Amino acid sequence: MADFDLSFLAKPPVLLPIARHKRSLQYAVEKYPVVIVVGHTGSGKTTQLPQYLHEAGWCAEGKMIAVTQPRRVAATTIAGRVAAEMRCQLGQEVGYSIRFEDMTSDKTKIKFLTDGMLLKEALSDPLLSKYSVIMVDEAHERALNSDLLLALLRKIQKKRLDLKMIVSSATIEAQAIANFFQGGQDDQPSQCKIVVLDGRSYPVDIQYLDQPAEDYVAIAVETAIKIHKDEGSGDILVFFTGRDEIQRGLEVLTDYAQKILPSDQALQPLPLYAGLSQAEQMYVFSPAAEHTRKVILSTNLAEASVTIDGIVYVIDSGYVKLRTYDPTTNIETLRRTPVSKASAVQRAGRAGRTRAGKCYRLYPEAAYQDLLMTTPPEICRTNLAPTILQLKALGIDNLASTQYLTPPPAKLLARGLEVLYSLDALDDYAKLTTLGSRMAELALPPMLGRALLASVTDDFNCLPEMLTVCAMTSQQSQEGNNLFFSHEGERAWEASRRKFATEEGDHLTYLNAYNAFVKENQSQRWCQSNHLSFKALSRAVSIRAQLERNVQRLGIATRVDPRTPNATTDRILRCITTGYFANAARMNPVDGTFRSLISSQRSTVTMHAHPSSLMFNRKADYVIFSELLESGNKIYIKDISKVEKSWLTQYGSKYYQVKEGK
DNA sequence: GAGCACTGC
């Protein structure tokens, strides 16, 4: 007993509600190919069920149990908990596997991993033959990768009758998932069993506004103050849509908190969003000082990704920022959108985890009735080019006939196919080309993958440089989106950015910054004094190493010509253009805005250089860019480099014929 | 003059 500190466990496993269902769950998995488990957070399904299956003998004969999660943190922390409960060292019988980190061994029986990771494993082991049971957790969130995994597993199960599947879902999606696996074969013996676990949550009293809120940030702040004055103890969680709203609310509440008399209970406002550093996020989880109430202002992060103890009051703005891809214009938008009923319920539930709570919805009850039942699944609002490539590489060729939980809109599929065709990843019959199958191995967006593969050819011969450009372009910093940033104001970072800036634009500037970082032995202090994100650069180092391994495995890497060890900027830019020719624009010299070169967009869309780009206040003629996004009624392009017009038609001949040659 | 949340042997 003394060997392991189990004090952090909320409850001894035998007392969890799921313990009563142990036998019936073991029986259901024995009898049915698919078991759908419905249970709230705190039911213990994710930690206990794999152990029940282990006990029931599902790890015999060298087979493993896989448990997938949509997020990496969940995979690692849950694995740690289960290892502690089973009293083994993490990485032995219980392990996890996420990108850049494999904590498994040949002893591993229960493996936690991300959905994306299991999809990648299927590339080399198409029937996932290592596993006897695969549990897909949090399927109701309808994340892209879990939807794809369900579609793949449904196919695999037809060939592997011994494979057992467990899908964990909230009530709202359970029946849809059951129908999906039943596949309309109602006359067949039942394939699917739904097991409902009683949750351990407390009632939440829900209150609405009489009128729609004009400024919900102001009302949320008022409500929080009112709770603090009138209601009993317990922390407050406020749902806003982004950093701006959070900072605005924080200011007012901080002002108020400073005026509270020392004799009264103190109030501690805290922000929570992904853009904050790890250290800044930790404040939210540490208990408040004595005689102090925490009020946490959060984005959607606190809805599913993160659980905070001690919340008794929830204030819900009723909105979320949702990313949506428009296949006609090729633009990604980030738009403030009303939440779904499922989200509103989930948010309210955050108040009832430790005792009965209250939820204040900052909209009228009639508005709640008008909300969509669920948020549209990601597969219906995302750029499908990477997905199609991935599925084709997995041998799922006829995408129209493949059954999805929700089929993606035809326009999204058509657009994705068109992009892949223009990149030579697909042939005239929409079959994967050799190039395409190599692109699928790379863990890069198709356009970047195409450019990276071009770098090994004699024409460009710039693999080392392109590995860096691709790693830098594909990495997304957790501290916000910028490689360059500073707390000392814009002038400070603008000055240091100039040190690395190149005439040609963002991509080669990234290359310079990366090379300098490596030359300085990846020093964190050096990053600080140069206003560079250490996190972003470190992540790029990991990605670059992985990309290099992937390219080596493909066996196509060329030797660097010793006479010209460093590629010319001309060659690198041309190489980038082989992937990004479709994302081309021309600057209007009068006002510095950009117009798309695609005929369908040319007359309608005015684009602006994103303020994070070097091209924000520089002159150019023709450019290519990595990202096109709409935000606040303006269309921005990001990661911009200058190119020659002739390169576009040279490397994108197929594309410009298709689009313009009618 | 700006960044919802995630993710890849």
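All values derive from a computational prediction rather than experimental measurement.
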(request) Pick base, sugar-phosphate or nothing for A:Leu123, based on heavy-atom distances below 4.0 Å to the nucleic acid. (result) base

(message) I need the CD-P distance between A:Gln69 and B:dC6, as an integer number of Å.
(response) 14 Å

(request) Could you pull out all residues at least two apart from A:Tyr131 that satisfy side-chain hydrogen bond (donor to acceptor under 3.5 Å, both in side chains)? (result) A:Lys111, A:Glu121

(message) What's A:Leu301 touching, base or sugar-phosphate or nothing? Going by heavy atoms closer than 4.0 Å.
(response) sugar-phosphate

(message) Using whole Å, what does the distance between atom C1' of nucleotide B:dT7 and atom CD of A:Glu138 come to?
(response) 15 Å

(request) Under 4.0 Å between any heavy atoms, over every strand shown, what does A:Leu444 touch: base, sugar-phosphate, or nothing? Just pick one. (result) base

(message) Does any part of the side chain of A:Leu442, heavy atoms only, come nearer than 4.5 Å to the side chain of A:Leu453, both counted from C-beta?
(response) yes

(message) Are more than 12 heavy atoms, taken from residues, nucleotides or ligands other than A:Glu494, located less than 6.0 Å from that residue's CD atom?
(response) yes

(request) For A:Arg243, report the nucleic acid contact type (base, sugar-phosphate, nothing); a contact means any heavy atom under 4.0 Å. (result) base

(message) Tell me the interatomic distance from A:Asn383, atom CG, to B:dT7, atom P, rounded to whole angstroms.
(response) 19 Å

(message) Among residues 101-114 of chain A, which ones have heavy-atom contacts with DNA chain B below 4.0 Å?
(response) A:Thr114

(message) Taking 4.0 Å as the cut-off, does a side-chain nitrogen or oxygen of A:Gln546 come that near to OP1 or OP2 on B:dC9?
(response) yes

(message) If the condition is salt bridge (charged side-chain N to carboxylate O under 4.0 Å, His left out), which residues does A:Arg381 pass it with, not counting sequence neighbours?
(response) none

(request) Considering just the side-chain nitrogens and oxygens of A:Arg323, establish if one lies under 4.0 Å of OP1 or OP2 belonging to B:dG3. (result) no

(message) Measuring from the side chain of A:Thr299 (C-beta onward, heavy atoms only), which nucleotide among B:dC9, B:dC4, B:dG3 has the closest atom?
(response) B:dC4

(request) Could you pull out all residues at least two apart from A:Ser626 that satisfy side-chain hydrogen bond (donor to acceptor under 3.5 Å, both in side chains)? (result) A:His507

(request) Round to a whole Å and report the spacing from CD of A:Glu303 to P of B:dC6. (result) 12 Å

(message) Students often get this wrong, so: under 4.0 angstrom with heavy atoms, is A:Arg99 touching a base, only sugar-phosphate, or nothing?
(response) base

(request) Tell whether A:Ser124 reaches the base of B:dC9 with its side chain through a donor-acceptor pair below 3.5 angstrom. (result) yes

(request) With sequence neighbours excluded, give me every salt bridge (Lys or Arg N to Asp or Glu O under 4.0 Å) pair touching residues 334-344 of chain A. (result) A:Arg335-A:Glu630

(request) Rounded to the nearest angstrom, tell me the gap between atom NZ in A:Lys638 and atom C1' in B:dA2. (result) 8 Å

(message) Considering every strand and a 4.0 Å limit on heavy-atom distances, what is the contact class for A:Phe100: base, sugar-phosphate, or nothing?
(response) nothing

(request) Can you sort out the partners of A:Glu141 under salt bridge (charged side-chain N to carboxylate O under 4.0 Å, His left out), two or more places apart, ordered by chain and number? (result) A:Arg71

